[in-house]
Amino acid sequence: MEPSNLNKEQDQNSWALNAWTLLSKLRDQSPLIQCITNFVSMDLMANTLLSAGASPAMIHSIEEIQDFTPLIHALCINVGTLSPAWLPAMREAALVANKAGKPWILDPVAAGASCFRLKACLELVGLKPSVIRGNGSEIIALSKASLGATKGVDSSHESMDAMEAAKSLAQSSGAIVAVSGAVDIITDGHRVVGAHNGVSMLQKVTATGCAVTALIAAFVAVDPLHALEATASALSIFGIAGEMGMDMAKGPASLRMHLIDSLYNLDQASVSSRLKVSSL
Ligand SMILES: Nc1ncnc2c1ncn2[C@@H]1O[C@H](COP(=O)(O)OP(=O)(O)O)[C@@H](O)[C@H]1O
Ligand SMILES: Cc1ncsc1CCOP(=O)(O)O
Ligand SMILES: [Mg+2]
């Protein structure tokens with residue numbers, strides 16, 4: 001084997017081992033993940049977290065945050081069905097999580113769809129999330145702080161179109177930025193890696209983006225000091241579960257079911273043989 005191919009194979013093996021180690025830790029530790037999320041995603045997000053081994057809590061009332069948020073292991077904030085009444089709780093939860101030293105992850109759903117949503121997302125970015133995960137259009141809108149070509153919650157860009165936007169957002173915010181798509185891009189503003197697992201049918205199941213963001217929160221909860229690696233691992237594991245689910249599915253509805261089952265049953269052999277991460 002060529003030395004460069006040998007290096008790539010060793011890299012691949014070490015990403016796969018790290019992803020498996022984090023999934024095993026997650027299953028052992030069952031981190032408590034607080035989710036302040038949209039009405040569409042609540043069920044799939046909670047089931048994704050449970051099947052991965054985490055403990056989800058969809059607790060979003062501002063009255064509960066001072067008591068509850070210091071006890072969590074990570075927080076996921078998702079603005080999918082945002083209205084003004086939800087914003088104070090999102091702010092408060094981010095501040096309490098920061099004070100308690102707990103990582104929090106932002107999903108800026110449809111960030112470029114309206115001024116209200118964009119302003120809210122930019123304010124949340126200013127509250128220092130550990131990771132921001134969006135689709136191509138969302139990351140471009142946030143990075144340029146402008147309303148952009150987006151089809152509501154769906155992307156009108158390929159993830160690769162958002163590479164420079166992701167790097168620039170990571171540098172300006174200090175967060176790890178992940179852009180989902182055919183290739184998931186993960187960057188700290190300098191280093192960029194691509195996670196290649198997944199199937200395009202995932203786009204036909206609502207809230208898979210939201211669910212993978214919550215899974216990132218669970219992975220970061222068990223390895224907060226290596227948020228880039230944890231994020232790439234979560235995206236890879238979700239993508240592999242999607243591929244294995246697709247082998248059994250007949251369409252979007254059965255993919256949703258088989259995705260959850262595959263995540264629950266995922267073993268080391270499947271992670272080792274399927275995981276594909278590369279430097280971009
Ligand atoms: N073309 C594609 N091929 C393979 N996987 C994809 C593709 N598009 C999206 N995915 C996967 O689907 C999941 C949801 O991503 P995406 O649809 O981009 O998010 P959102 O629902 O927030 O727009 C991610 O795990 C992503 O990797
Ligand atoms: C359809 C829809 N409308 C508001 S939030 C939402 C769910 C979006 O989920 P995802 O970003 O994972 O596709
Ligand atoms: Mg989304």
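We count residues from 1, following the sequence as given. Just so you know, ligand 1 is whichever comes first in the structure, and atom 1 is the first atom listed for that ligand.
Taking the ring centroids of F39 and W86, they lie under the 6.0 Å cut-off.
A donor-acceptor contact closer than 3.5 angstrom is absent between the side chains of S155 and E138. Side-chain contact check for D267 and S270: at least one donor-acceptor pair (N or O, by modelled atom type) lies under 3.5 Å.
Distances between N or O atoms of V153 and those of ligand 2 include no value under 3.5 Å.
Residue-level contacts of ligand 1 at the 4.0 Å heavy-atom threshold are R133, N135, V153, S180, G181, A182, D184, G198, V199, S200, L202, Q203, T208, G209, F238.
Closest to atom 9 (O) of ligand 2 among all protein heavy atoms lies C210 SG, 3.2 Å. Counting only heavy atoms of the protein, atom 4 (C) of ligand 2 lies nearest to G80 O, 3.4 Å.
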Kindly list each side-chain donor-acceptor pair under 3.5 angstrom involving residues 255-264, sequence neighbours excluded, with atom names and distances?
from	atom 1	to	atom 2	distance (Å)
R256	NH2	D43	OD1	3.0
S262	OG	G245	N	3.4
S262	OG	H258	O	2.7

What side-chain donor-acceptor pairs closer than 3.5 Å can you find for residues 200-208, not counting sequence neighbours?
from	atom 1	to	atom 2	distance (Å)
Q203	NE2	S200	O	3.2
T208	OG1	L202	O	2.8
T208	OG1	V205	O	3.3

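Residue G209 has at least one heavy-atom neighbour below 4.0 Å for each of these atoms of ligand 2: 12 (O). Counting the atoms of ligand 2 from 1 in the order shown, those under 4.0 Å from a heavy atom of T208 are 12 (O). Counting the atoms of ligand 2 from 1 in the order shown, those under 4.0 Å from a heavy atom of V40 are 2 (C), 6 (C), 7 (C). Those atoms of ligand 2 with a heavy atom of A207 less than 4.0 angstrom away are 9 (O), 10 (P), 12 (O), 13 (O).
Residue pairs meeting the salt bridge (charged side-chain N to carboxylate O under 4.0 Å, His left out) criterion with at least one member in residues 88-102, sequence neighbours excluded, are R91-E123.
Under a hydrophobic-cluster definition in which Ile, Leu, Val, Met, Phe, Trp and Tyr are linked whenever side-chain heavy atoms come within less than 4.5 Å, directly or via other members, I33 and I237 are assigned to different clusters.
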Working for salt bridge (Lys or Arg N to Asp or Glu O under 4.0 Å), residues K276 and D11: CA-CA 10 Å; K276 194 159 178 261; D11 256 20; over 6 Å; no
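Among T37, N78, D107, the one residue that satisfies the side-chain hydrogen bond (donor to acceptor under 3.5 Å, both in side chains) test with T213 is D107.
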